[in-house]
Amino acid sequence: VIITPEDIEADYLASSKLLKDRDFDGAIAAFKNHILNYEQSPYSANAHYWLGEIYEFRGEAELAVESFVIVINDYSDHNKAMDARYKLGKLYHKQGDVERAVALLQEAAQSNGGAGAKAKAYLKTKGL
């Protein structure tokens, strides 16, 4: 079976639709399958990031941390990497790991995108 870029995109979009429809169990399974089935997918970083978001929303902090760490370590140049730093910094802060939290939040604050603005605001609001 030949897999086309269109097949990969369609699979990712189907996974994303489950998330938009708030079918979190379905989205988790779909994003995990996407990562497994399409190792070279340009959407892998996004899939890991959205898994982290779902886990964080569900209060599954350890799984969220794992997902965001994968984005940062394996996809450091991806546009979701700074968002993942911001999210991971917040999670570490909630867990009481202020040193790691501040390091990640300061990295994210250096970026120009939305993650940078959010990180700067979080650092200021929390007095870090």
Side-chain angles (χ1 to χ4, degrees):
V1 177
I2 296 172
I3 298 169
T4 67
E6 291 78 16
D7 294 333
I8 295 170
E9 182 180 23
D11 184 80
Y12 175 75
L13 292 174
S15 303
S16 297
K17 184 173 183 337
L18 293 169
L19 176 58
K20 285 182 185 126
D21 293 345
R22 301 181 71 78
D23 176 358
F24 298 127
D25 291 334
I28 288 170
F31 283 129
K32 284 182 174 181
N33 283 334
H34 183 85
I35 292 162
L36 290 171
N37 294 335
Y38 306 105
E39 289 180 20
Q40 300 304 313
S41 170
Y43 306 104
S44 292
N46 292 60
H48 283 290
Y49 178 83
W50 292 116
L51 283 169
E53 285 276 14
I54 295 167
Y55 292 136
E56 181 184 14
F57 177 78
R58 289 169 46 146
E60 298 174 60
E62 289 309 311
L63 292 171
V65 166
E66 286 176 27
S67 297
F68 292 135
V69 165
I70 289 169
V71 176
I72 293 166
N73 290 344
D74 296 355
Y75 306 95
S76 58
D77 293 336
H78 192 274
N79 65 349
K80 284 290 185 205
M82 281 301 168
D83 294 307
R85 280 181 178 81
Y86 166 68
K87 290 289 188 169
L88 189 56
K90 278 182 36 181
L91 280 166
Y92 283 148
H93 185 245
K94 285 179 189 168
Q95 294 173 343
D97 192 341
V98 177
E99 193 174 316
R100 282 165 90 182
V102 169
L104 284 160
L105 290 163
Q106 285 178 339
E107 275 184 63
Q110 301 297 318
S111 68
N112 294 323
K118 289 181 210 166
K120 286 175 191 149
Y122 188 88
L123 286 163
K124 186 176 179 183
T125 305
K126 300 294 181 184
L128 300 174

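- Of all non-hydrogen atoms in Gly52 and Ala64, the two that sit nearest each other are O-CB, 3.5 Å.
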Name each donor-acceptor pair under 3.5 Å that joins a side chain in residues 96-105 to protein atoms two or more places apart or in another chain, with its distance.
| from | atom 1 | to | atom 2 | distance (Å) |
| --- | --- | --- | --- | --- |
| Asp97 | OD1 | Arg100 | N | 3.4 |
| Asp97 | OD2 | Arg100 | NH1 | 3.3 |
| Arg100 | NH2 | Tyr92 | OH | 2.8 |

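- No continuous path of ILVMFWY side-chain contacts below 4.5 Å connects Tyr86 to Val69, so the two sit in separate hydrophobic clusters.
- Within the structure, the salt bridge (Lys or Arg N to Asp or Glu O under 4.0 Å) test picks out the following pairs touching residues 101-117 (sequence neighbours left out): Arg85-Glu107.
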Run Ile35 and His48 through side chain to side chain contact (heavy atoms under 4.5 Å, CB included) and show every step you take. CA-CA 8 Å; Ile35 292 162; His48 283 290; 3.5 Å; yes
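- His78 pairs with exactly one of Asp83, Ile72, Asn46 by the side-chain contact (heavy atoms from CB on, under 4.5 Å) rule, that one being Asn46.
- Other cluster members for Ile2: none, since no ILVMFWY side-chain heavy atom sits under 4.5 Å from it.
- The salt bridge (charged side-chain N to carboxylate O under 4.0 Å, His left out) search around Lys17 returns Asp21, not counting sequence neighbours.
- Distance check, rounded to the nearest 0.5 Å: CH2 of Trp50 to CZ of Phe24 gives 11.0 Å.
- Under the rule for a side chain to side chain contact (heavy atoms under 4.5 Å, CB included), Ala29 has no partner lying at least two apart in sequence or in another chain.
- Arg58 pairs by the salt bridge (charged side-chain N to carboxylate O under 4.0 Å, His left out) definition with Asp25, Glu60, not counting sequence neighbours.
- Environment of CG in Asn112: sparse, with no more than 12 heavy atoms of neighbouring residues, nucleotides or ligands closer than 6.0 Å.
- Residue pairs meeting the side chain to side chain donor-acceptor pair (under 3.5 Å) criterion with at least one partner in residues 34-44, sequence neighbours excluded, are Asp11-His34, His34-Ser41.
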Please output the side-chain donor-acceptor pairs of residues 118-128 that fall under 3.5 Å, not counting sequence neighbours, one pair per line with the distance.
| from | atom 1 | to | atom 2 | distance (Å) |
| --- | --- | --- | --- | --- |
| Lys120 | NZ | Ala109 | O | 3.4 |
| Tyr122 | OH | His93 | ND1 | 2.8 |
| Thr125 | OG1 | Ala121 | O | 2.7 |

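- Residues Tyr49 and Met82 are members of separate hydrophobic clusters, defined by side-chain heavy-atom contacts under 4.5 angstrom among Ile, Leu, Val, Met, Phe, Trp and Tyr.
- By the side chain to side chain contact (heavy atoms under 4.5 Å, CB included) test, Lys94 is found to be paired with Glu56, residues two or more places apart in sequence or in another chain being considered.
- Every side chain to side chain contact (heavy atoms under 4.5 Å, CB included) that Leu18 has, sequence neighbours left out, goes to Asp23, Ala27, Ala30.
- Connectivity analysis of hydrophobic side chains (ILVMFWY, heavy atoms under 4.5 Å, direct or indirect) links Ile70 to Tyr75.
- To the nearest 0.5 Å, atoms CG (Leu63) and CG (Leu51) are separated by 9.5 Å.
- Here the closest non-hydrogen pair linking Ile8 and Pro42 is CG2-CD, 4.1 Å.
- Applying the salt bridge (charged side-chain N to carboxylate O under 4.0 Å, His left out) rule to Asp7 yields no partners; only residues at least two apart in sequence or on another chain are considered.
- With a 6.0 Å cutoff to the six-membered ring centre and a 45° limit on the axis angle, Lys87 does not count as a cation-pi contact of Phe68.
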